Amino acid sequence: MVNGDYFRAIRGVAESVQFQDVVSVTPDQAEKQRHMELAVRFLVHSFVPYDGKLDVEEYIDEGTIRLARGGDEQASVNLINKTFGLLHSAFGPDALRRYENGTHSGRVGLVALEAIAVGIARNVDAILALGDGDAAAFVKDRIEAFWSQPTVANFTSPGLRGTARIQRTVPFGTEWFKP
């Protein structure tokens, strides 16, 4: 453990009702710490650029250590709270589920976390500057339109390696969620 304070701060926010509701972790997944994995992945993708040189798990591990050593747990907690607050106000537990034919379905996957949650996180202050109702409406509209974009189909192609996926999802989401 590199930084116990950082770990405890992230655990606290990952166990919040709002975060758990959006990531829709089952009790079995919670027992296996899936919520912590998703919180850490979200933070690494939000704060640590990915150059494609490392395997995804190595990148997540090294990024986690880098963030923990940086010791700015408040910035991480604030980013999770702001981003998942917006997601929760837009769609609640459906925020990171595929949207087709006017309805949300399926499970929360890494594509949604990387493109939608990280895309919002990288633009969260500009989105929040739109105002309370407008920020949630913007997020809602962009999420609904996101799933119908032709580029998004390439994010879930069978056989697509995680290294290639991340190099597509994170930049696309960052651009897609710019107000």
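Values in this document were obtained by computation on a predicted structure and should not be read as measured data.
- Not one N or O on the side chain of Thr83 forms a donor-acceptor pair closer than 3.5 Å with the backbone of Ile80.
- Between Ala95 and Leu87, the shortest heavy-atom distance links the atoms CB-O, 3.5 Å.
- Contact record, Leu38 with Leu113: O-CD2, 3.8 Å, taken as the closest heavy-atom pair.
- Leu160 and Val170 fall into different hydrophobic clusters, defined by Ile, Leu, Val, Met, Phe, Trp and Tyr side-chain heavy atoms under 4.5 Å apart, directly or through other members.
- Between the Arg142 side chain and the Trp176 main chain, a donor and an acceptor come within less than 3.5 Å of each other.
- We find the CG-NE2 distance between Leu96 and His104 to be 10.0 Å, quoted to the nearest 0.5 Å.
- Using a 4.5 Å cut-off on side-chain heavy atoms (C-beta onward), Phe47 and Leu79 make contact.
- Ring geometry for Phe91 against Tyr99 counts as tilted: the plane angle lies between 30° and 60°, on a 0 to 90° scale.
- Across Phe146 and Ala115, no two heavy atoms sit closer than the pair CZ-CB, 3.5 Å.
- With sequence neighbours excluded, no residue forms a salt bridge (charged side-chain N to carboxylate O under 4.0 Å, His left out) with Glu58.
- Ring geometry, Phe177 versus Phe138: the interplanar angle exceeds 60°, so the pair is classed perpendicular (tilted spans 30 to 60°).
- Contact record, Met36 with Ala14: SD-CB, 3.9 Å, taken as the closest heavy-atom pair.
- Side-chain contact between Arg66 and Glu62 is absent, with no heavy atoms from C-beta onward closer than 4.5 Å.
- Rounding to the nearest 0.5 Å places CD1 of Ile65 at 12.0 Å from OH of Tyr6.
- Looking at His88, its side chain never comes within 3.5 Å of a backbone N or O of Gln18 through a donor-acceptor pair.
- At least one donor-acceptor pair closer than 3.5 Å links the side chain of Arg122 to the backbone N or O of His45.
- At distances below 3.5 Å, at least one donor-acceptor pair connects side-chain atoms of Arg97 with backbone N or O atoms of Gly106.
- Taking 4.5 Å as the limit, every side-chain heavy atom of Ile10 sits out of range of all side-chain heavy atoms of Phe42.
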Can Asp28 and Arg34 be said to form a salt bridge (Lys or Arg N to Asp or Glu O under 4.0 Å), step by step? CA-CA 9 Å; Asp28 184 50; Arg34 176 73 171 160; over 6 Å; no
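- Residue Val77 comes nearest to Val13 through the heavy atom pair O-CG2, 4.2 Å, listed as atom of the first residue, atom of the second, then distance.
- Between Ile60 atom CD1 and Ile166 atom CD1 the span is 6.0 Å, to the nearest 0.5 Å.
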Under the criterion side chain to side chain contact (heavy atoms under 4.5 Å, CB included), I'd like the reasoning laid out for Val40 against Gln33: C-alpha separation, chi angles, the key distance, then a yes or no. CA-CA 11 Å; Val40 167; Gln33 300 294 303; over 6 Å; no
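- We find the OG1-CZ distance between Thr163 and Arg168 to be 9.5 Å, quoted to the nearest 0.5 Å.
- Residues Thr156 and Arg98 have side chains in contact (heavy-atom distance under 4.5 Å, counting atoms from C-beta outward).
- Both Leu110 and Leu54 belong to a single network of hydrophobic side chains, linked directly or stepwise wherever heavy atoms of I, L, V, M, F, W or Y lie under 4.5 Å apart.
- When side chains are defined from C-beta on, His35 does not count as touching Gln29, because their heavy atoms never get closer than 4.5 Å.
- Residue Leu86 holds its CG atom at 13.0 Å from CD1 of Ile116, rounded to the nearest 0.5 Å.
- Heavy-atom minimum distance, Ser24 versus Pro93: OG-O, 3.4 Å.
- Two residues are said to be in side-chain contact when any heavy atoms from C-beta on lie closer than 4.5 Å; Arg41 and Val56 meet this criterion.
- Checking side-chain atoms of Gln149 against main-chain N and O of Ala145 turns up a donor-acceptor pair under 3.5 Å.
- From Thr64, atom OG1 reaches atom CG of Asn3 across 12.0 Å, with rounding to the nearest 0.5 Å.
- In this view, Tyr50 and Tyr59 satisfy the ring pair (Phe, Tyr, Trp, His ring centres under 6.0 Å) rule, not counting sequence neighbours.
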